[in-house]
Amino acid sequence: MVRPSRSYRVFQGVNGVILTLVVAVTLYPFVNIIARSFSGERQIRAGEVTLWPKGFNLTTYEIVFSDSMFWRNYGNTVLYTVVSTAVAMVLTTCYAYVLSKRNLKGHGTLVGIAVFTMFFTGGLIPHYVLITSLGLKNSVWAIALPNAISVFNLLVMKAFFESLPTELEEAAQIDGLSTYGTLLRIVLPLSKAVVATMVLFYAVSFWNSWFAAFLYMDRSDLMPVTVYLRNLLAGATGGTGAGAATEQLTQVSANIQAVTIVLTSLPILCLYPFLQRYFVSGVMLGAVKG
């Protein structure tokens with residue numbers, strides 16, 4: 001076994017130190033936000049909270065968790081995210097697979113239509129009029145359909161499909177598979193990495209989205225949790241009161257931003273580790289040459 005040279009060991013040490021510093025700088029904001037969400041109002045305003053909660057306090061969490069509307073809105077967010085991500089993945093995958101066929105008639109036109117929408121949109125008022133005229137208000141489709149295809153994600157999937165060997169699809173056609181059969185049984189199983197990436201991108205986008213629901217939903221019981229927390233933030237920073245109510249409101253206004261970030265980010269952070277293995281498999285897939 002060949003021992004690594006001294007210069008290589010020095011490089012490994014320096015590389016390890018640099019990467020450790022990068023990880024620490026990356027994790028510090030997350031840890032600080034979590035600490036602030038459990039800290040007291042006086043310690044937060046004095047800037048005493050760093051990596052550990054000071055003046056441990058659960059007032060804001062108690063107010064949020066004790067409200068039945070919070071859980072209703074949280075369930076709405078899960079529903080909207082799952083349905084919208086499923087619709088987006090179906091449409092994006094089908095469109096990207098079509099665009100990956102360079103010999104298809106009208107290929108350039110289809111690509112141009114997709115790219116055109118990256119730079120030009122109809123505007124907010126036409127969107128609102130369209131959604132209203134189609135009767136989609138106060139439904140999950142008002143969130144899912146207008147944002148069903150992200151052109152950036154579409155072009156990423158298109159590039160990935162184009163990188164797959166054409167011989168695989170030709171062999172599938174010889175075996176009698178249809179176009180949809182080739183997509184479902186050959187292409188998609190080889191595209192787990194990009195599919196997992198797109199699922200994560202879409203899920204994060206729909207989970208954090210609040211403006212579409214704020215615009216197209218008229219009932220509070222249909223709102224996602226992001227709108228609920230936005231309204232709570234607005235009430236905590238702009239409300240007034242007296243006595244105990246004022247003290248409670250002051251505590252809420254001090255760490256509501258931290259609590260909001262924790263509650264909205266936690267599900268996505270829990271989802272990421274389950275999808276990361278597909279990123280690794282995608283890298284390994286591209287490294288194996290036949």
Side-chain angles (χ1 to χ4, degrees), residues 22-41 43-44 48-89 140 143-144 147 150 153 195-214 217 220-237 248 251-280:
V22 171
V23 171
V25 171
T26 304
L27 288 180
Y28 176 77
F30 292 98
V31 178
N32 178 256
I33 286 295
I34 295 175
R36 285 169 59 89
S37 70
F38 290 103
S39 298
E41 178 266 337
Q43 289 79 4
I44 294 176
E48 300 176 0
V49 182
T50 54
L51 297 178
W52 194 257
K54 298 289 184 65
F56 191 80
N57 196 295
L58 296 175
T59 300
T60 305
Y61 281 106
E62 291 173 354
I63 292 176
V64 173
F65 288 156
S66 63
D67 190 353
S68 61
M69 186 58 68
F70 167 77
W71 297 108
R72 179 65 180 269
N73 292 159
Y74 217 99
N76 292 340
T77 298
V78 174
L79 174 64
Y80 297 160
T81 301
V82 171
V83 173
S84 300
T85 302
V87 171
M89 286 303 302
V140 64
I143 298 176
N147 303 302
S150 167
N153 295 345
V195 169
T197 304
M198 295 302 103
V199 167
L200 183 62
F201 284 174
Y202 276 122
V204 171
S205 176
F206 287 118
W207 183 273
N208 293 329
S209 176
W210 68 272
F211 187 70
F214 185 76
M217 301 293 183
S220 59
D221 60 323
L222 295 177
M223 295 294 185
V225 71
T226 47
V227 176
Y228 172 90
L229 294 173
R230 173 196 173 276
N231 294 337
L232 182 62
L233 175 61
T237 55
Q248 187 182 60
Q251 170 61 42
V252 172
S253 64
N255 64 354
I256 182 59
Q257 291 182 345
V259 172
T260 299
I261 294 174
V262 171
L263 293 179
T264 55
S265 302
L266 186 61
I268 298 299
L269 293 177
C270 294
L271 177 65
Y272 182 81
F274 295 98
L275 298 179
Q276 186 178 8
R277 64 191 183 98
Y278 291 107
F279 303 157
V280 176

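For clarity, every value in this text was computed on a predicted model and none was experimentally measured. Residue numbers count from 1 along this sequence.
- At least one side-chain heavy atom of W207 sits under 4.5 Å from a side-chain heavy atom of V78.
- Pairing each heavy atom of M198 with each of N153, the nearest pair is SD-CB, 3.3 Å.
- In this structure, the side chain of N208 does not engage the main chain of T226 through any donor-acceptor pair within 3.5 Å.
- Counting only distance, with no hydrogens or angles, the side chain of T77 and the backbone of V225 share a donor-acceptor pair below 3.5 Å.
- K54 places a side-chain N or O within donor-acceptor distance of the main-chain N or O of E48, the cut-off being under 3.5 Å.
- Between the CD1 atom in I44 and the CZ atom in F38 there is a gap of 11.5 Å [rounded to 0.5 Å].
- Between T85 and A203, the closest heavy-atom pair is OG1-CA, 3.6 Å.
- Between N57 and E41, the closest side-chain pair of non-hydrogen atoms is not below 4.5 Å.
- Considering every non-hydrogen atom in both I143 and A212, the closest pair reads CG1-CB, 4.5 Å.
- Minimum heavy-atom separation, V140 to M217: N-CE, 4.5 Å.
- Atom CZ of F65 is surrounded by more than 12 heavy atoms from other residues, nucleotides or ligands within 6.0 Å.
- In this structure, the ring of Y80 has its center no less than 6.0 angstrom from the ring center of F206.
- Using a 3.5 Å distance cut-off with no hydrogens or angles, the side chains of S150 and Y202 do not pair a donor with an acceptor.
- F70 places a side-chain heavy atom less than 4.5 Å from the side chain of L263.
- The minimum heavy-atom distance between I33 and V262, with the atom names listed, is CG2-CG2, 3.9 Å.
- Contact record, P224 with S209: CG-O, 4.3 Å, taken as the closest heavy-atom pair.
- From T81, atom OG1 reaches atom CG of N76 across 10.0 Å, with rounding to the nearest 0.5 Å.
- Between the side chain of N32 and the backbone N or O of Y28 there is no donor-acceptor pair closer than 3.5 Å.
- Remark: S205 OG to L200 CG distance equals 11.0 Å, nearest 0.5 Å.
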